[in-house]
A.B. asks: 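Below is the structure I would like to discuss, written out as structure tokens.
From a predicted model like this one, the values you see are computed outputs, not experimental measurements.
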Amino acid sequence: MSDGLTPETVEALRLSKEKDLAAARLLDRAAGYVDAGWTRSTDAVNGRGAPVPPFSKRAQCWCALGAVRAALVRTGLVTLYQDAEGNLQYPRAMTPFAASAYSRALCAAAQAMVGRTPKHPAMYASVVTNWNDTEAMSGETVARKLRDGAALIWRRIEDVQRGIRVAGAC
């Protein structure tokens with residue numbers, strides 16, 4: 001092992017890769033939801049056009065952000081809880097792994113949508129939402145940009161793996 005590639009570094013890169021894999025899968029799955037049905041101005045709607053939670057079994061159309069949120073739940077990265085009225089809710093806090101994968105997914109989606117990375121992570125969701133809700137937008141374009149975001153992540157994973165192989169050969 002080279003001087004720059006310690007066991008700790010290798011472990012950090014492995015964990016980073018796992019988060020990136022989860023993020024890319026979130027975006028790929030979210031694109032599939034948008035392909036099935038797209039909406040704007042709300043996370044998701046049912047067959048009658050009424051807003052529903054994006055993870056609802058009644059959801060038939062999703063915005064870009066709602067589709068990513070649905071993917072979070074449907075891939076098992078986030079477990080819902082039942083509130084006092086019996087309604088399913090997102091947890092108040094995600095696990096660090098889920099939060100990181102979600103942030104990475106939104107960052108890549110925002111980058112694919114507007115051509116640059118937003119300056120602060122707190123802006124990722126609003127950039128994705130605002131871009132989705134643009135009047136001239138279409139579901140086909142939204143799904144394509146979500147897949148483009150996933151492709152950005154897949155390329156990053158390949159680049160890191162290539163770097164590890166080169167460093168290990170030194």
A.B. asks: Output the distance between atom CG (Leu77) and atom NZ (Lys19), rounded to the nearest 0.5 Å.
C.D. replies: 12.0 Å
A.B. asks: Please test Gln89 against Asn87 for side chain to side chain contact (heavy atoms under 4.5 Å, CB included), starting from the C-alpha separation and ending with a verdict.
C.D. replies: CA-CA 6 Å; Gln89 302 290 332; Asn87 300 311; 3.7 Å; yes
A.B. asks: Is Val128 reachable from Trp131 through a run of hydrophobic residues whose side-chain heavy atoms are each under 4.5 Å from the next?
C.D. replies: yes
A.B. asks: Nearest 0.5 Å please: distance from the CD1 atom of Ile157 over to the CG atom of Asp20.
C.D. replies: 5.0 Å
A.B. asks: For Ser138 and Arg144, test the side chains for any donor-to-acceptor distance below 3.5 angstrom and give the result as yes or no.
C.D. replies: no
A.B. asks: Taking the side chain as every heavy atom from C-beta outward, state whether Leu72 and Met94 have any atom pair closer than 4.5 Å.
C.D. replies: yes
A.B. asks: Show, in sequence, the C-alpha distance, side-chain angles and deciding distance for Ser103 and Ser100, and conclude whether the side-chain hydrogen bond (donor to acceptor under 3.5 Å, both in side chains) test is met.
C.D. replies: CA-CA 5 Å; Ser103 179; Ser100 181; over 6 Å; no
A.B. asks: Using the rule that Ile, Leu, Val, Met, Phe, Trp and Tyr join whenever any side-chain heavy atoms are under 4.5 Å apart, tell me whether Val127 and Val142 fall into a single cluster.
C.D. replies: yes
A.B. asks: With clusters defined by side-chain heavy atoms of hydrophobic residues (ILVMFWY) lying less than 4.5 Å apart, directly or transitively, does Met113 cluster with Met137?
C.D. replies: yes
A.B. asks: Decide yes or no for Thr117 and Gln111: does some side-chain heavy atom of the first lie under 4.5 Å from some side-chain heavy atom of the second?
C.D. replies: yes
A.B. asks: Grab the two heavy atoms, one from Tyr33 and one from Trp62, that are nearest each other, plus how far apart they are.
C.D. replies: O-CE3, 3.2 Å
A.B. asks: Does the side chain of Leu27 reach to within under 4.5 Å of the side chain of Val68, using non-hydrogen atoms?
C.D. replies: yes
A.B. asks: Report yes if the side chains of Phe55 and Leu80 come closer than 4.5 Å at any heavy-atom pair, otherwise no.
C.D. replies: yes
A.B. asks: Say whether Tyr102 and Tyr124 are linked into one hydrophobic cluster, either directly or through other cluster members, by side-chain heavy-atom distances under 4.5 angstrom.
C.D. replies: yes
A.B. asks: With a 4.5 Å limit on heavy-atom distance, are the side chains of Cys63 and Thr129 in contact?
C.D. replies: no
A.B. asks: Quick one: do Glu11 and Arg14 make a salt bridge, cutoff under 4.0 Å?
C.D. replies: yes
A.B. asks: Measuring from atom CZ of Arg162 to atom CZ of Arg155, what distance do you get when rounded to the nearest 0.5 angstrom?
C.D. replies: 11.5 Å
A.B. asks: Check the pair Gln60 / Val45 against side chain to side chain contact (heavy atoms under 4.5 Å, CB included), numbers first and verdict last.
C.D. replies: CA-CA 6 Å; Gln60 291 185 7; Val45 296; over 6 Å; no
A.B. asks: With heavy-atom distances below 4.5 Å as the criterion, would you say the side chains of Arg74 and Pro54 are in contact?
C.D. replies: no
A.B. asks: Given side chains that start at C-beta, do those of Glu18 and Phe97 come closer than 4.5 Å, heavy atoms only?
C.D. replies: yes
A.B. asks: Thinking salt bridges, do Asp159 and Arg156 make one under a 4.0 Å N-O criterion?
C.D. replies: no
A.B. asks: Rounded at 0.5 Å granularity, tell me how far OG1 in Thr75 sits from CZ in Arg25.
C.D. replies: 9.5 Å
A.B. asks: To the closest 0.5 Å, what do you measure between OG (Ser126) and CG (Asp133)?
C.D. replies: 11.0 Å
A.B. asks: Is any side-chain heavy atom of Leu21 closer than 4.5 Å to one of Trp154?
C.D. replies: yes
A.B. asks: Charged N to carboxylate O below 4.0 Å: is that the case for Arg147 and Asp28?
C.D. replies: no
A.B. asks: What's the separation between atom CG in Leu13 and atom CD in Glu8, rounded to the nearest 0.5 Å?
C.D. replies: 11.5 Å
A.B. asks: Say whether Trp38 and Leu65 are linked into one hydrophobic cluster, either directly or through other cluster members, by side-chain heavy-atom distances under 4.5 angstrom.
C.D. replies: yes
